[in-house]
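Heads up, the thing below is written out as structure tokens.
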Amino acid sequence: MAARLDLRALGEFGLIEAIRRRAGDAGRAWRASIGDDGAVLRARPGRELVLTADALVEGVHFRWRTTDARSLGRKALAVNLSDLGAMGATPLGFLLTLCLPGEPGAVSERQLDGLLGGMLAEAKAAACPLVGGDTVRAPCWSLQLTAVGDVPRGRALTRAGARPGDRLLVTGSIGGAALGLRLLEAGRPLAGALGGFARRQILPRPPWRLGARLVRARLATAAIDLSDGLALDLEHLVRRSRVAAEVRIEALPLARGLRAACPELGLDALETALHGGEDYELLFCVPPAAPSARVLAGRLGVRLSEIGVICRGRGVRFLRGGAPTEIRVGGYDHFKPSAS
Ligand code: ADP
Ligand code: MG
């Protein structure tokens, strides 16, 4: 099992060796992995590769005060799996650029141990091995992952395939992770239902396996995973597809307990659900004649809500009781002042 990691005694190369040992064999898909100058993937005939990168940076995406190392390691891979899933891809492996603060005592064995343990457990469950990376000293912690997956040739799901008449479906529920973040930042005691929101923020469970199934069943025309908030992510999708969308407010699957918990924190439940990031659910479009959301949910084994339709035009419109209603479109943007 996990050897204890003493960074100062190990040094860079000792650490890499410890990572290599813990990552284990990369499996048959890889001809070379950790230990060479590059990893070599045996690409499968008739398939195309999908690459994605997502970083978690201390002070930007997480604080040690509000997360634990094991969850952080799992989340770092989970958010990349979410992107692969949103492209309809099956994961094949990932690279890890691990940035660690260099001052003595800044990195504890427990942190490194937990982080690698969580990440490699997630990797094993997803059959997505760690195949290489880089290890560097930096002003703060960051986990920069690059994941690779594959799809049958020409069949990747993109944001650009939505057509007027398509129906809009979303998995799971929205708003919980954003509320969790606010609770953690406010230092609230996380009893009962509130703990569930916090856990969603700390350790998202994206339904990434759904993407490849949608591709296999030729069910979806476009997809995006929800990382920046449904309103903004849908805006991205309709812009890339050069269409508009109409969303029925009543149909939005707000996280259970969100309406009850938001007012206490001075938050509006609907705004939290629409603009709050890190839900890591899948938003996708199906053609008009596709089976109902209920039938699809049963067949695919996920919770699905049909929230609206794609139409001609541009932009996202929100309807309440069938009538247009003004909703500010916000969401998470690293370089713009916060919208919520
Ligand atoms: P180079 O100097 O050629 O860039 P490194 O000395 O940085 O190589 O890394 C040696 C080997 O260890 C490479 O195969 C690299 O992919 C792997 N590696 C380095 N850091 C990590 C890491 N954090 N996770 C997984 N593999 C790593
Ligand atoms: Mg080299």
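Indexing begins at 1, ligand by ligand and atom by atom, following the structure's order. Note that the coordinates shown come from a computational prediction; the quantities given were computed from them, not determined experimentally.
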Numbered atoms of ligand 1 (with element) below 4.0 Å of [X], judged on heavy atoms:
{"X": "Ile34", "answer": "12 (O), 14 (O), 17 (C), 25 (C), 26 (N)"}
{"X": "Gly35", "answer": "11 (C), 13 (C), 14 (O)"}
{"X": "Ile19", "answer": "23 (N), 24 (N), 25 (C)"}
{"X": "Asp36", "answer": "13 (C), 14 (O)"}
{"X": "Phe13", "answer": "6 (O)"}
{"X": "Gly132", "answer": "16 (O), 24 (N), 25 (C), 26 (N), 27 (C)"}

Got an N/O contact under 3.5 Å between Leu130 and ligand 1? no
When only distance counts, is Leu98 in polar contact with ligand 1, meaning an N/O pair under 3.5 Å? no
The remaining residues in the hydrophobic cluster of Val40, counting side-chain heavy-atom contacts under 4.5 Å among Ile, Leu, Val, Met, Phe, Trp and Tyr, are none
Donor-acceptor pair, Arg42 side chain versus Arg28 backbone, under 3.5 Å? yes
Please check if the side chain of Arg213 supplies one atom and the backbone of Leu300 the other of a donor-acceptor pair under 3.5 Å. yes
Backbone, side chain, both or neither: what part of [X] comes under 4.0 angstrom of ligand 1, heavy atoms only?
{"X": "Thr135", "answer": "both"}
{"X": "Thr97", "answer": "neither"}
{"X": "Asp134", "answer": "both"}

Heavy-atom proximity to atom 22 (C) of ligand 1 ranks first, among Val136, Leu116, Leu96, for Leu96
The one among Val131, Asp37, Ile16, Leu145 that brings a heavy atom closest to atom 10 (C) of ligand 1: Ile16
Sequence neighbours excluded, every pair satisfying side-chain hydrogen bond (donor to acceptor under 3.5 Å, both in side chains) that has a member inside residues 142-154: Arg44-Asp150, Arg47-Asp150, Ser142-Gln144
Using the side-chain contact (heavy atoms from CB on, under 4.5 Å) definition, which of the options Asp228, Leu230, Leu234 pairs with Leu232? Asp228
Just to verify, which of Val170, Leu157, Leu210, Ile224 counts as forming a side-chain contact (heavy atoms from CB on, under 4.5 Å) with Phe284? Leu210
State whether Asp113 and Arg22 are salt-bridged, where the test is any N-O pair (Lys NZ or Arg NE/NH1/NH2 against Asp/Glu carboxylate O) under 4.0 Å. yes
Test salt bridge (Lys or Arg N to Asp or Glu O under 4.0 Å) applied to Glu17 and Arg20, step by step: CA-CA 5 Å; Glu17 181 52 26; Arg20 190 185 65 75; 2.6 Å; yes
Check against side-chain contact (heavy atoms from CB on, under 4.5 Å), Leu274 and Val247: CA-CA 11 Å; Leu274 284 177; Val247 174; 5.6 Å; no
